[in-house]
Amino acid sequence: MKTLALTKESFGTITESLLKRSTSSYPAQEAAVKEILAAVAEKGDEAVFAYTEKFDGFRLTPETVKVTEAEIEAAYKEVSPELVGVIRRSLVNIRSYHERQVRQSWFSTDEKGTLLGQKVTALQRVGVYVPGGKAAYPSTVLMNVVPAKVAGVDEIIMCTPCGRDGKVNPNTLVAAKEAGADVIYKIGGAQAVAAMAYGTASIPRVDKIVGPGNIFVALAKRAVYGFVAIDSVAGPSEILVLADETANPRFVAADLLSQAEHDELASAILVTTSRELADAVSAEVDRFVEVLSRQDIIRKSLENFGRILVADSMEDAITAVNEIASEHLEIVTADPFKTMTKIRNAGAIFLGSYSSEPLGDYFAGPNHVLPTNGTARFFSPLGVDDFIKKSSVIYYSEEALREVHEDIESFAKAEGLTAHANSVAVRFED
C-alpha cells in the first residue's frame, strides 16, 4: 500500500479522490436510469418485465413475479442447516439491539389546559432492495428487514433479482423468511426501485425504500426520493483504521482487506502515529493479497483508494479521521475507549484488536447499513427510527388559548399574515 506522511497536501489529495466516487460522477448511468424510471411510471408491469428479461434473462409474468411458499420451502432444502443456524443466531443479536431503539409516543399536560405531545407511528409499507447477480447477501436481508419489523411496519416487501432460470438465490430467500419479509418479488435494478416507488399492477407502492445496490439502484433511489422516502444513497464500502504502535500489523492488514475486496471503488485507509506499524502493515497486505481469492479487485481498490497515512501526533490523526468520516472505523490504540471519546464522525466504531469489521457485518447486532462517502458527518446507521414517523399533538383549552392569543396575533401580523391572526382572534370576539 502507498504510505504517505499526513500533511495538508496529502490529505487533500485523498479526500478529493474519495469524493470522485460520488453518484454525481455517473452521467451516462443517470440517463439510463431516468429512461427506466419513466418507462415504469408509464407502463408499469410491462416495462418491469421487459427490463427484467433484458438485464436478468428471464421473462416474468404477473403469475411468476412473486416468490411462492413452495419456492421458499425448496430454498430451505438447498441451504445447509449450519447456515440456517448462523442466520438464526445472528437474528437474535440484531433483533435485541434494535429493540433498544424503539421510541414511545409521549404527552405532557399542565394545569392551564394544554396538552402537547408526539405520536409515533410505524410506516405502513416498506420496500427492501437486496442485491443479487454474482453474489447473494443474506446479511443485508437481516439488517434491512429486522429494524422494520421491530418498528412495527405493517407490510415489508422485498425485491431482489432472479437468475436466468427465474429463481432467487436460496440463501436470500431463507434469510428473508427468517427475518419476516411479507412478500418477495423477483425483480432487481432500477426497475425494481421504480416499481416500489410508483406502484404497478403487481407490485404495490411503498412508503420508503431501503437497501443497497449497484450504481443504477443508487441513482434510481436518489431520483425517486420525494415520491417515496429512502434510507440513503449508498456509496462504495469504506474502512478506516486508526492505530498506534500497540496494534497488531497482521490484524490491521486483514481488516483493511476485508473492505477492499468488496469492489474496485472500495476505500481502505490506515491512519497511524507509528512509521514502524505502517511499514509492517504494508508488508502484511502484500502477503495476504497473494493468497486471497478476490485479489484482482483488491489490488485495484488499494491502488486507487488504499492509503497509509503517518501522522505526527494522535491529535492530527484524529482530526483526519473526523474529516474523512468513514463508514467503518476501527480504533486499535492503547486505550481505544478513551480515543473513541474524541471521535465525532463515523458510521460504526469498532474498538480494540478483537472487534474486526466483519463482526458488525454479520453478527454483533448493530446495523451494517451505514453512511458512506463522508456522510457520517450528518447521517446515522439504519435503525428503527428509519421506519417510523412522528406527528406533533397539540391541544389548548379555551382558557389556555385566551391567555396567549394576543401574542399569537401579534406574531402573525408582524409576518403580514392577517388570516392567521384572524383565525385566533375570531375565537375571542365580544
Side-chain angles (χ1 to χ4, degrees), residues 41 97-128 144 146-157 193 196-199 204-210 221-233 322 325 341 344-347 366-367 369-371 374-430:
Y97 180 87
H98 287 86
E99 283 173 346
R100 294 176 180 269
Q101 299 178 343
V102 173
R103 290 176 180 259
Q104 303 296 332
S105 300
W106 61 267
F107 304 93
S108 65
T109 61
D110 66 21
E111 68 282 356
K112 296 177 182 178
T114 71
L115 180 149
L116 301 176
Q118 181 172 273
K119 182 177 182 295
V120 176
T121 307
L123 300 182
Q124 186 171 349
R125 182 185 293 125
V126 165
V128 173
N144 283 275
V146 170
K149 291 292 288 187
V150 170
V153 172
D154 292 354
E155 183 180 12
I156 303 170
I157 74 170
V193 174
M196 290 189 283
Y198 306 136
R205 177 179 175 176
V206 302
D207 300 314
K208 186 167 190 172
I209 300 172
V210 301
K221 286 174 66 178
R222 190 179 72 177
V224 300
Y225 177 65
F227 290 95
V228 293
I230 63 171
D231 51 352
S232 64
V233 179
N322 280 325
T341 64
R344 180 177 292 272
N345 302 324
N367 210 288
V369 181
L370 302 167
T375 59
R377 291 180 295 113
F378 44 81
F379 280 144
S380 305
L382 190 73
V384 171
D385 279 356
D386 288 284
F387 300 99
I388 64 169
K389 57 189 181 71
K390 292 162 281 201
S391 302
S392 302
V393 178
I394 301 168
Y395 166 80
Y396 266 53
S397 66
E398 179 183 354
E399 178 187 353
L401 184 60
R402 183 182 297 277
E403 186 173 314
V404 299
H405 79 93
E406 291 180 352
D407 288 343
I408 300 168
E409 293 163 32
S410 296
F411 228 140
K413 290 173 182 176
E415 294 186 348
L417 300 176
T418 54
H420 278 64
N422 184 62
S423 174
V424 177
V426 72
R427 288 167 165 76
F428 300 102
E429 292 174 333
D430 292 335

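Side-chain atoms are counted along with the backbone in the values below, which use heavy atoms only and exclude waters and symmetry mates.
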Approximate separation, where rounding is to 0.5 Å, of [X] [atom1] and [Y] [atom2]:
| X | Y | atom1 | atom2 | result |
| --- | --- | --- | --- | --- |
| Asp154 | Leu123 | CG | CG | 9.5 Å |
| Gln118 | Ile394 | CD | CD1 | 11.5 Å |
| Glu399 | Glu111 | CD | CD | 9.5 Å |
| Phe387 | Gln124 | CZ | CD | 15.5 Å |
| Ser423 | Leu417 | OG | CG | 11.5 Å |
| Asn367 | Tyr97 | CG | OH | 8.5 Å |

Could you check if a side-chain atom of [X] sits within less than 4.5 angstrom of a side-chain atom of [Y], using non-hydrogen atoms only?
| X | Y | answer |
| --- | --- | --- |
| Arg103 | Ile388 | yes |
| Val228 | Met196 | no |
| Val404 | Tyr396 | yes |
| Ile230 | Val210 | no |
| Leu116 | Phe107 | no |
| Val369 | Pro381 | no |
| Val126 | Ile157 | no |
| Thr114 | Tyr395 | no |

Judged by atom type as modelled, is there a donor-acceptor pair below 3.5 Å linking the side chain of [X] to the main-chain atoms of [Y]?
| X | Y | value |
| --- | --- | --- |
| Gln101 | Val384 | yes |
| Arg427 | Val424 | no |
| Asn322 | Arg344 | yes |

Any idea which heavy atoms bring [X] and [Y] closest together, and the distance?
| X | Y | answer |
| --- | --- | --- |
| His98 | Gly383 | CD2-CA, 4.1 Å |
| Ala122 | Ala151 | CB-O, 3.3 Å |
| Ala346 | Ala376 | C-CB, 3.7 Å |
| Ser232 | Lys221 | O-NZ, 3.2 Å |
| Lys149 | Ile156 | CD-CD1, 3.3 Å |

Exercise. Is Glu99 atom CD crowded by more than 12 heavy atoms from other residues, nucleotides or ligands, each under 6.0 Å away?
Worked result: yes
For this session: Step by step, work out the side chain to side chain contact (heavy atoms under 4.5 Å, CB included) result for Val153 and Asp207.
Result: CA-CA 10 Å; Val153 172; Asp207 300 314; over 6 Å; no
Exercise. Listed by chain and number, what are the side chain to side chain donor-acceptor pair (under 3.5 Å) partners of Lys390, not counting sequence neighbours?
Worked result: none
Seminar exercise, completed: With sequence neighbours left out, the residues meeting side chain to side chain donor-acceptor pair (under 3.5 Å) with Glu403 are Lys112
For this session: Would you please classify the geometry between the Phe428 ring and the His405 ring as parallel, tilted or perpendicular, with 30° and 60° separating the classes?
Result: parallel
Exercise. Does any donor atom in the side chain of Ser391 or Lys389 lie under 3.5 Å from an acceptor atom in the other side chain?
Worked result: no
